[in-house]
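Structure, as C-alpha cells:
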Amino acid sequence: MKKVISLILCVVIGVLCFSSCKAEKEPEKTEEYSLKITYDSAYSTYDSSAVNAYEAVCDAVINGEESARINVGLTEKVRRLFYTSFPLNALVKSLDINKERSGLSITYTLSAQEHKKAVDAFKAKIEEIVNECSASSVNEFAIRAYAYVSSHIIPSESNVISCYETVMNSKGSSFSYAQLLSYLLQQGGLKSCYVTASDAKNAGWGLCQVMMNDKWFYLDPMTEYYDNKGTKLVFFGMTEKDLKAEGLTNPTYSDSSVPADSSSLDFDACRACYSYEIKDNSLFVTKTDGNIVQIAL
C-alpha cells in the first residue's frame, strides 16, 4: 500500500513540475500596437462617408489586401486623404477603380511577405516614438513630439523623400519631418495640418500647425534643429507674425487653402527660449534674459 501511495505522489509531483515548466516557457502575450487612422485637419470639412471610405482603404493596406470596397464616387477625396495623411501610401504603387466599380484595387510596391514586414516595422517605430513622447495631457504630448522630432533630425540632401522613408531611415527634409510631426500629433489626439511656405530665397519649406486649447499655432522642427539641435522651443507655438520674422511667407495647406488664423501669443515667451521644463501641467520657459515664464497647458 505504501508503495502505491508513493507511486501516486511521484506522478502528481511530476505533473506539477511539468505544468510549472510549461507555464514558464509561455510568456504572456502582449497586445499588438494598432495605428490610429488619422488625417490632416485641413480636410475636416469632408463628410463621414469620405472619411469612412479612406479608413477602409488604410485598413486594407495595413492588412496587405488587394482591394477595398468603397463608393467609387468618393475616389478623388479618398485619394486626397490617402496621399496627404497616411504615411504607408509609400508602399502602394496604385489605387485604381476596379472593373466592377465596387471599390479600389490596390497594387503594392513589395511582395506580400515583404509588405507585411514593412508595415510591422513601421508600426513598431511609431509605437516606439509615441511611447517616448507619452505625456499626461495632449498639449504636453505636442511639446514632447515636437522636441523628439526636432532633436532627431538628420537632414537629407534630397527634398523628394517621403514621411515613411523619414520614419524608417531617420533622415529627411523640412517637408518630410513636418509631415512626420503632424502625423505624430494626430496619433496623440491633436488636430494638426501639414503646411508649406516660401523662404527668403523663394524656395519651399515644410512646417505644420497644431491646435492647442482651441487655438492654432505654427511649429517648425527643421529650423529648430538648425538653430539649436532641437534642445529649445524657439520655433514652437509661433504666430503668423513669427513666421514672417523668420522669413517664411505664403503658408498654405496641402489642399491649397490658406491656414487658419494663428495669432495667439500664448507661447510668445518661447521666442526667447533659453531652456524649458514641463511639470505640474505647465510649461516653464527660461528666457535668454533669465526670467522664467509659466505657460499653463
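Predicted, not measured: the structure shown is a model, and the values here were computed from it. For this chain, numbers begin at 1 and follow the sequence in order.
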Minimum heavy-atom separation for [X] to [Y], with atom names?
X	Y	result
V72	T75	O-OG1, 2.6 Å
S173	S176	N-OG, 2.9 Å
N213	A296	ND2-O, 4.3 Å
L219	P221	O-CD, 3.5 Å
K287	A269	CG-O, 3.9 Å

[X] and [Y]: same hydrophobic cluster, using ILVMFWY side-chain contacts below 4.5 Å?
X	Y	answer
V195	Y83	yes
I161	F86	no
M222	Y194	no
Y183	M168	yes
L81	I97	yes

Out of curiosity, [X] [atom1] to [Y] [atom2], how far, rounded to the nearest 0.5 Å?
X	Y	atom1	atom2	answer
S156	K171	OG	NZ	6.5 Å
D261	K215	CG	NZ	11.0 Å
L180	C163	CG	SG	5.0 Å
K191	S41	NZ	OG	6.5 Å
I292	F284	CD1	CZ	8.5 Å
C208	F217	SG	CZ	13.0 Å

### Query
Who passes salt bridge (charged side-chain N to carboxylate O under 4.0 Å, His left out) against K117, sequence neighbours left out?
none
### Task
Could you pull out all residues at least two apart from R80 that satisfy salt bridge (charged side-chain N to carboxylate O under 4.0 Å, His left out)?
none
### Query
Side chains of Q179 and S182: is there a donor and an acceptor less than 3.5 Å apart?
no
Do [X] and [Y] touch side chain to side chain, with heavy atoms closer than 4.5 Å?
X	Y	value
V285	I295	yes
V130	S134	no
S49	N71	no
T286	E277	no
P87	F122	yes
K125	I129	yes
N139	N281	no

### Query
Mind checking whether F236 and F267 have ring centres under 6.0 Å apart?
yes
### Query
Do any N or O atoms from the side chain of T166 and from the backbone of Y177 form a donor-acceptor pair under 3.5 angstrom?
no
### Heavy-atom donor-acceptor pair, R144 side chain to E132 backbone, under 3.5 Å
no
### Query
What do the steps show when you test E127 against K123 for salt bridge (charged side-chain N to carboxylate O under 4.0 Å, His left out), and what is the final call?
CA-CA 6 Å; E127 179 182 19; K123 288 165 66 175; over 6 Å; no
### Task
Take V92 and I106, measure what side-chain contact (heavy atoms from CB on, under 4.5 Å) needs, and give me the verdict at the end.
CA-CA 7 Å; V92 173; I106 307 170; 4.1 Å; yes
### Task
Decide side-chain hydrogen bond (donor to acceptor under 3.5 Å, both in side chains) for S94 and D96; before the verdict, give the C-alpha distance in whole Å, the side-chain angles of both, and the deciding distance to 0.1 Å.
CA-CA 6 Å; S94 65; D96 301 308; 3.1 Å; yes
List, by chain and then residue number, the residues other than [X] in its hydrophobic cluster (Ile/Leu/Val/Met/Phe/Trp/Tyr, side-chain heavy atoms under 4.5 Å); write none if there are no others.
X	answer
Y274	none
M211	W216
V160	none

### Message
Does atom CG (N131) have a neighbourhood of more than 12 heavy atoms from anything else shown, all under 6.0 Å?
### Response
yes
### Task
For atom CD of E100, decide whether the heavy atoms of other residues, nucleotides or ligands shown that lie under 6.0 angstrom number more than 12.
yes
Residues forming a ring pair (Phe, Tyr, Trp, His ring centres under 6.0 Å) with [X], sequence neighbours excluded:
X	value
Y39	none
F141	none
F175	none

### Query
What orientation do H115 and Y108 show, parallel under 30°, tilted 30 to 60°, or perpendicular over 60°?
tilted
Side-chain donor-acceptor contacts of residues 51-70 below 3.5 Å, not counting sequence neighbours, with atom names and distances?
{"residue": "N52", "atom": "ND2", "partner": "S48", "partner atom": "O", "Å": "3.1"}
{"residue": "Y54", "atom": "OH", "partner": "T38", "partner atom": "O", "Å": "2.7"}
{"residue": "N63", "atom": "ND2", "partner": "D59", "partner atom": "O", "Å": "3.0"}

### Message
According to side chain to side chain donor-acceptor pair (under 3.5 Å), does anything in residues 231-246 pair up with another residue at least two apart or in another chain? List the pairs.
### Response
T223-E246, T239-D242, D242-R271
### Message
Would S162 and E165 count as a side-chain hydrogen bond (donor to acceptor under 3.5 Å, both in side chains) here? Give the steps.
### Response
CA-CA 5 Å; S162 69; E165 291 172 310; 3.3 Å; yes
#### Entry: Full working for side-chain hydrogen bond (donor to acceptor under 3.5 Å, both in side chains) between Q186 and S192
CA-CA 6 Å; Q186 292 158 18; S192 181; 4.6 Å; no
### Message
Checking Q294 against L283 for the side-chain contact (heavy atoms from CB on, under 4.5 Å) test, could you report, in this order, the C-alpha distance in whole Å, the side-chain angles of both residues, the deciding distance, and whether it holds?
### Response
CA-CA 6 Å; Q294 180 179 356; L283 171 66; over 6 Å; no
Please tabulate, for the side chains in residues 247-256, all donor-acceptor contacts under 3.5 angstrom to protein atoms that are two or more places apart in sequence or on a different chain.
{"residue": "T252", "atom": "OG1", "partner": "N250", "partner atom": "O", "Å": "3.1"}
{"residue": "Y253", "atom": "OH", "partner": "Q209", "partner atom": "OE1", "Å": "2.4"}
{"residue": "Y253", "atom": "OH", "partner": "A260", "partner atom": "N", "Å": "3.0"}
{"residue": "S254", "atom": "OG", "partner": "Y43", "partner atom": "OH", "Å": "2.8"}
{"residue": "D255", "atom": "OD1", "partner": "S257", "partner atom": "N", "Å": "3.0"}
{"residue": "D255", "atom": "OD1", "partner": "S257", "partner atom": "OG", "Å": "2.5"}
{"residue": "D255", "atom": "OD2", "partner": "S257", "partner atom": "OG", "Å": "3.3"}

Mind listing the side-chain donor-acceptor pairs of residues 145-154 below 3.5 Å, one per line with the distance, residues two or more places apart or on another chain?
{"residue": "Y146", "atom": "OH", "partner": "D220", "partner atom": "O", "Å": "3.4"}
{"residue": "Y146", "atom": "OH", "partner": "E224", "partner atom": "OE1", "Å": "2.4"}
{"residue": "Y146", "atom": "OH", "partner": "F235", "partner atom": "O", "Å": "3.3"}
{"residue": "S150", "atom": "OG", "partner": "Y146", "partner atom": "O", "Å": "2.9"}
{"residue": "S150", "atom": "OG", "partner": "A147", "partner atom": "O", "Å": "3.4"}
{"residue": "S151", "atom": "OG", "partner": "A147", "partner atom": "O", "Å": "2.6"}
{"residue": "S151", "atom": "OG", "partner": "Y148", "partner atom": "O", "Å": "3.2"}
{"residue": "H152", "atom": "ND1", "partner": "Y148", "partner atom": "O", "Å": "2.7"}

